[in-house]
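Worksheet for the structure shown next.
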Amino acid sequence: MEFIESLPRRPTRYSPDSQVAGELAQTFLAPPPEQGRDLKGLLQKLDGAIDCALETAGPGYMAYIPGGGLYTSALAEFYARSTNRYGGNAFPAPALTALEESVLRWMAQDVCGLPKGSTGLLTTGGSMATFSAVITAREDRLGEEFTRGTVYVGDHAHHSVRKAARLAGISARNIRVVPSGENLRMDVRVAAEMIRQDRAAGRRPFLLVGSAGTTDTGTVDPLPALADLAAEERLWFHVDAAYGGFFRLTERGRRQLAGTEQADSVTLDPHKSLFLPFGTGALVVRDPTKLYAAHEGTGSYLQDLTSEGGLPDYSHMGPELTREIRGLRVWLPLHVHGVSAFREALDEKLNLAERVHDRLSGLPGLEVPWHPDLSIVAFRVRPRDSGAAAAEAADEATRELLMKINNDPRVLISSTVVDGRQTLRVCIIIHRTHEDRVDELLDIIEEHCPVTEVK
Ligand SMILES: *Cc1c(COP(=O)(O)O)cnc(C)c1O
C-alpha cells in the first residue's frame, strides 16, 4: 500500500548511472545459498531492485503500451497462489473454473460482441493468445496439409502476429504484409488483390488479421470491410485487440472498434486496457469447439480428471497443462470495482488523448499527422520542406526532443518509426494517469520543442 501511494512521486526511470544498475544486477545473479536467510533482509534487497527499474506502474509512464497494475488484482493473485488450486481441468476446482469461465464469456460476448456460446482462454499475454489463434485457424482451414498456407497482416500490425505465424509452421514467404494507405489503415482493396493473386499462384490463403489499435499510433483497421473480405474468401478473421479491445466498454470505443463482432477470434490483453498487472492475456473465439480441435490432447494418467459438468477443461484449449486459476486476477477487480469503473477510466483516457492531440496540434514546431482513434498520440518535429535533407534534420531534432522530455523524471514517452520518419508517441493507458500529469507532460513538450519548423 505504501508503495502504491508513493507512485505519483516516484521517478519514471532509474538513475542513468548504469554502473550502479549493472552492479546491482550482478549481485542478483548469485546462486541460492545452502542455508536460508532472513526474509526481512531479502525483502529490503528486493526493494533496491524495484527502484532500479522503469516506473511502469506510475502516472507518468506514457511510453510503449504500459499497464499500471491494479492492487486488487495483485491481492487476487496472492490468494490464488497461496491456496494453489489446479486450473488445468474443471474437475479439481469446478467453482473456480466457473469463475474463470464467467470472465471469458464476458470478454467474448459483452466486450467483443461475439455470439452466445463464444468464450476462450486466458493466456499469459497477447502474443500467446495470437499464437493459439493462428494454430486454431490453421487447423480449421487447412488441416494437416499447410505448407502452402498463407497469412495476411497489415504493415503496422504488431510483430507478434508474424512471430505467431512462424511458430505455427507458416513459412516466412507465406506471411504476406499488406500495405496501408496514408491513414495507416490496411488497404482492403490491395489485400483482396493479393489474396486473389496468391490463390492463382497455388498458395492457400487461410487467415486475415486486422488490428483493433496498432501499437505505434493506436490506429484501427477497417474491420467491417476486412470481415467481409474474409467471409468472401473463406478466410479465418482474427482481430488483434491486445491494446484497443477493452475500449469497447466505452461508447466511442465501441464505434471505433465496430467489426470486432464479426471476428472468428480476438486477442485481448487485460494487462493493458483492463489495467491488470503484467501476465494476463486472453483469446476469445466465436466457436470454442475449434479451439478444442486444435489443442486437445490427453494421457491415461489424467483419466480420473474428466468432468461432465459442462465446464471447460482449459488444458484442452491451449498449449499449457498445469496452470494456476488464472481467472481470479480478472474476476476480483471486476467484482470489487464494477464494470462502470473500468468504463469511466477508459473514457477518461480517450479524453486525455484528445487533450494531448489538441494542444500539440497548436504548436507550430510540431506535426501531429493523425487524429487518435484511441489513446495514443503520435507527433514529430515539423521539417522546413518536403525534401530529404529537411526530413533528416527534423528526425534528428525529434530524437533530441525525446531525450529532453525523458530527462524529466515526472514523465516517460517512447519513439518509433512511421513512414520512415522518427516519431514520438504518447500512450495514455495507466489508470493512475490523470489530467494533472498529462498537462505536466504537455508543458514539458512545449518547453523543449522547436518554436517553429526546423531550419
Ligand atoms: C502488446 C501487443 C501485443 C503483444 O501482446 P503481449 O501481451 O505483449 O504479448 C500484440 N498486439 C498488440 C496490438 C499489442 O499492443
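These numbers come from the heavy atoms of this one structure, side chains and all, not from hydrogens, waters or symmetry mates. Each ligand, and each atom within it, is numbered from 1 in the order the structure gives.
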*asked:* Between Asp240 and Thr267, do the side chains contain a donor N or O and an acceptor N or O under 3.5 Å apart?
replied: no
*Evaluate the side-chain proximity of Val285 to Lys290: yes if any heavy-atom separation is below 4.5 Å, no if none is.*
no
Name every donor-acceptor pair, under 3.5 Å, that has one atom in a side chain of residues 47-56 and the other anywhere in the protein, sequence neighbours excluded.
residue : atom : partner : partner atom : Å
Asp51   : OD1  : Arg10   : NH1          : 3.2
Asp51   : OD1  : Arg10   : NH2          : 2.8
Glu55   : OE1  : Arg10   : NE           : 2.6
Glu55   : OE1  : Arg10   : NH2          : 3.3
Glu55   : OE2  : Ala57   : N            : 3.3

*Specify whether His271 and Phe278 have parallel, tilted or perpendicular ring planes, treating 30° as the upper limit for parallel and 60° as the lower limit for perpendicular.*
perpendicular
*How would you list all residue pairs meeting salt bridge (charged side-chain N to carboxylate O under 4.0 Å, His left out) that involve residues 209-238, not counting sequence neighbours?*
Arg196-Glu233, Arg199-Glu233
_Every residue of the protein that comes under 4.0 Å of ligand 1, judged on heavy atoms_ = Ile65, Gly125, Gly126, Ser127, His158, Ser160, Gly213, Thr215, Asp240, Ala242, Tyr243, Asp269, His271, Lys272
*According to the ring pair (Phe, Tyr, Trp, His ring centres under 6.0 Å) rule, which pairs have a member within residues 327-349, sequence neighbours left out?*
Trp331-His335
